[in-house]
Amino acid sequence: MSRALPRAHGQRMEEIWKPALPARRQPELLSTLYDKALHRWNRYVLGESYIKEVNRRHPKSKEYFSFLTAGVEKKRQSNTFDLVATVHESEQTYLKPNIQPDHRFEVTLEPDEFTEEKYQLFENYQRHVHHEGANDISRGGFKRFLCATPLHRHDFDGKKLGSFHQMYRLDGRLIAMSVLDLLPHAVSGVYFIYHSDFEPWSFGKLSALREAALAIEQGYDLYYMGYFIWSCKKMRYKGDYKPQTVLDYDTLEWDVMDENMRQLMDKRKWVSMSRERKIQASLQARPGSETEGCQDVNEEKIAADVYGVELGNPVIAMNAGLSLLEMKMPGVMGLEQLEEEVDLDEMKITLGRGTVHEMQDLASWSSGSITDPTSLKSLMGELAACIGPNLARDVVVDLSR
């Protein structure tokens, strides 16, 4: 199971979405992204002397480098921005021979294995960007979080698959790292870290552009930008990329992120467009709700029912005594859907020694309530609701450990 799959987690989410860009269409990038971030970084790495010397020795390249020496207006007017070429522009292996840049910039794709060099970068990032204390950061935590995932690395149909670290080195120093899951159809951005010395360079934007370019170059269909927390200012840049679609956790369908969705993100803790359509259908079916004030009141009542009980935070949710199936949590099947799509009686367990049993074989199984959080039936139901019907039919829960 990839970290990119929506049912692979059971956490409560606040305003979390999974955005994706169609990789075979070069994303429309706002000028603030590629002009002020990518071009500024390239200019820093290459340096004025390198750019001027390239323009002198290779006149055909002059138009290509003119935006670095004379501003971006001419480049914008010509409408010839090439994402892939611009991303690689300052990399050592793409430079003109026998001309020295100000810095040596290299980007490599490596296995997601632990090294002390990677950990030191992670430790710096967590301290300076997320303001975590020394007790919150450990080598073991880093390994579990970002290294050695179960995804098997291999090549298939001309593409790399599995979990990788994309390493950014400047003058031999590791300054940033992307954690990527390369899937048959997509590049999935899992996490990104950079050294605090390079915070002014907008590396979140630089990494997103580079990962989108990787998807285009290698023939992946989509670029998953990771979770998008609307209320988090550090993640707002993800919403600047177009065209973009967002995963609906209920239907597992993709909806276009448009102005209507953005307004709903401001309004709700989290958004499901399929649930929004249910709200609008209910409003239209109710008589006497034409006036604006009345419609607002009705919409709030319907939304409360459609979206479920607001429990504030995970601790309150845990202490509420409710089953996960009753919380209407995004990405988790509700009780009605679970009973329709999964036969819990046939879910399998093992007690070791090579034996496999169905749940219905247990003496206490039939007496348990699916909405009683303390019952085995409820626990198995919550597991099935989180992982989805396809995996629930095949999984074997090991109770011998």
Side-chain angles (χ1 to χ4, degrees), residues 1-4 6 8-19 37 41 107 110-151 163-181 188-208 210-211 224-239 265 269-270 310-320 324 327 329-331 386:
M1 294 290 288
S2 164
R3 289 170 291 197
H9 58 86
Q11 66 189 50
R12 187 178 189 282
M13 295 173 290
E14 178 180 346
E15 300 174 333
I16 294 181
W17 292 270
K18 190 80 170 181
W41 174 252
V107 180
E110 302 179 6
D112 66 334
E113 298 172 353
F114 174 89
T115 68
E116 184 63 23
E117 180 187 37
K118 294 176 184 178
Y119 172 72
Q120 291 300 325
L121 180 66
F122 172 78
E123 191 267 346
N124 172 273
Y125 179 81
Q126 297 301 114
R127 281 193 299 107
H128 290 277
V129 177
H130 291 291
H131 308 291
E132 293 185 356
N135 294 335
D136 300 318
I137 309 169
S138 68
R139 288 170 176 79
F142 172 61
K143 290 178 183 178
R144 289 189 299 272
F145 182 30
L146 298 176
C147 301
T149 74
L151 291 183
S163 296
F164 293 85
H165 290 161
Q166 192 171 49
M167 315 291 282
Y168 296 63
R169 288 188 170 87
L170 188 71
D171 300 326
R173 175 190 177 189
L174 181 63
I175 62 170
M177 182 180 84
S178 288
V179 181
L180 303 176
D181 285 342
S188 177
V190 177
Y191 205 64
F192 181 76
I193 58 179
Y194 56 85
H195 196 280
S196 57
D197 290 350
F198 294 86
E199 188 167 358
W201 294 102
S202 303
F203 260 91
K205 297 173 183 177
L206 295 178
S207 66
R210 182 169 293 279
E211 290 158 21
Y224 292 148
M225 299 187 69
Y227 289 122
F228 182 24
I229 304 176
W230 182 252
S231 60
C232 178
K233 292 183 179 179
K234 294 176 183 177
M235 292 191 180
R236 277 295 177 103
Y237 72 91
K238 294 185 180 183
M265 289 177 178
K269 287 292 185 181
W270 63 278
E310 176 54 55
L311 295 174
N313 62 58
V315 175
I316 295 175
M318 183 181 67
N319 295 332
L324 192 64
M327 294 183 183
M329 182 182 293
C386 290

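The model shown is predicted, which means the values in this text are computed figures rather than measured ones.
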Worked check of side chain to side chain contact (heavy atoms under 4.5 Å, CB included) between His195 and Leu170:
CA-CA 11 Å; His195 196 280; Leu170 188 71; over 6 Å; no
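Taking NE2 of His131 as the reference point, atom CG of Asp136 lies at 13.0 Å (rounded to 0.5 Å). Arg127 contributes atom CZ, which lies 7.5 Å from atom OG of Ser196 (distance to the nearest 0.5 angstrom). Taking CZ from Phe114 and CZ from Arg144, the interatomic distance works out to 12.0 Å, rounded to the nearest 0.5 Å. The line from CG of Asp181 to OG1 of Thr149 is 5.5 Å long, rounded to the nearest 0.5 Å. Residue Lys143 holds its NZ atom at 13.0 Å from CZ of Phe122, rounded to the nearest 0.5 Å. Atom CD of residue Gln120 and atom OG1 of residue Thr115 lie 9.5 Å apart, to the nearest 0.5 angstrom.
For Asp112 (side chain) and Leu146 (main-chain N/O), no donor-acceptor pair under 3.5 Å exists by modelled atom type. For the pair Asn124 (side chain) and Leu121 (backbone), a donor-acceptor distance under 3.5 Å is absent. Ser178 places no side-chain N or O within 3.5 Å of a backbone atom of Leu180 that could act as its donor or acceptor partner.
The residue from Leu206, Ile175, Val129, Leu174 that alone fulfils the side chain to side chain contact (heavy atoms under 4.5 Å, CB included) condition with Tyr194 is Val129.
Side-chain contact between Ile137 and Tyr119 is present, with at least one heavy-atom pair separated by less than 4.5 Å. Here the side chains of Phe198 and Trp41 are in contact, with some heavy-atom distance below 4.5 Å. Under the 4.5 Å side-chain criterion, counting only non-hydrogen atoms from C-beta, Met225 is not in contact with Glu211. Between Cys147 and His165 the shortest side-chain heavy-atom distance falls below 4.5 Å.
Taking the centre of each ring, Tyr168 and Phe192 come in below the 6.0 Å mark.
Salt-bridge formation is not detected for the pair Glu113/Lys118: no Lys NZ or Arg NE/NH1/NH2 atom is positioned less than 4.0 Å from an Asp or Glu carboxylate oxygen.
Here the shortest heavy-atom pairing between Tyr191 and His130 reads OH-NE2, 3.4 Å.
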